[in-house]
Amino acid sequence: TKVNEVEFRNWLEKKQVKKKVRGDLVSRLKRIEHELNHCDIDEHYKKDGCEHLLSVFKNKGENDVIRGYPNANLPISKYYMSTYSYSIRQYIRFCEETMKDKR
């Protein structure tokens with residue numbers, strides 16, 4: 001998978017995130033990559049800090065950005081859309097902290 005899954009899971013574990021929640025976060029990120037034309041979250045992070053990806057999930061997915069992904073099978077207008085934003089934000093924190101460590 002494109003998500004840096006092992007390191008992300010380890011980082012979450014260090015943050016004392018429960019195993020079930022870690023799995024949920026990773027699976028949501030994988031689903032985002034799959035549903036949005038097989039995008040690469042790491043590339044999005046490098047390009048714009050995931051701003052574009054977060055914009056897809058604004059207003060529970062009821063926005064113009066998501067219309068650019070007509071084949072995306074996501075729970076648009078449902079509460080769950082915010083869980084995808086949360087997953088992306090957790091991944092951004094992971095990237096910020098781990099990139100900082102590698103400098």
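Sequential numbering from 1 along the given sequence is applied to the chain's residues. Hydrogens, waters and symmetry mates are skipped; everything else that's a heavy atom, side chains included, is used.
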Could you report the tightest heavy-atom contact between [X] and [Y], atom names first, then the distance?
X     : Y     : answer
Ser85 : Leu54 : O-CD2, 3.8 Å
Ile76 : Glu62 : CG2-CG, 4.1 Å
Met81 : Pro75 : CG-O, 3.0 Å
Leu36 : Ala72 : CD2-CB, 4.0 Å
Tyr80 : Tyr84 : O-CD1, 3.3 Å
Phe57 : Leu53 : CD1-O, 3.2 Å

[atom1] of [X] to [atom2] of [Y]: how many Å apart, nearest 0.5 Å?
X     : Y     : atom1 : atom2 : answer
Leu25 : Lys20 : CG    : NZ    : 10.0 Å
Glu51 : Ile88 : CD    : CD1   : 10.0 Å
His34 : Ser27 : NE2   : OG    : 13.0 Å
His52 : His44 : NE2   : NE2   : 5.5 Å
Cys50 : Glu43 : SG    : CD    : 10.5 Å

(request) Taking atom types as modelled, find out whether Arg28 and Tyr86 have a side-chain donor-acceptor pair closer than 3.5 angstrom. (result) no
(message) Is it the case that the side chains of Asn4 and Tyr91 hold a donor-acceptor pair, with the cut-off being a distance below 3.5 Å and no angle test?
(response) no
Please determine whether a side-chain nitrogen of the Lys or Arg among [X] and [Y] lies less than 4.0 Å from a carboxylate oxygen of the Asp or Glu.
X     : Y     : answer
Asp42 : Lys46 : no
Glu97 : Lys15 : yes
Glu5  : Lys30 : yes

[X] side chain vs [Y] backbone, donor-acceptor pair below 3.5 Å:
X     : Y     : result
Asn59 : Gly61 : no
Arg93 : Arg89 : no
Glu35 : Asn73 : yes
Asn63 : Ile66 : yes

Is the shortest side-chain heavy-atom distance between [X] and [Y] below 4.5 Å?
X     : Y     : answer
Val56 : Ile32 : no
Glu96 : Ile92 : yes
Gln90 : Phe8  : yes
Tyr45 : Met99 : yes

(request) Might you work through the side chain to side chain contact (heavy atoms under 4.5 Å, CB included) test for Glu13 and Arg22, ending with a clear yes or no? (result) CA-CA 8 Å; Glu13 191 172 359; Arg22 293 194 305 259; 3.6 Å; yes
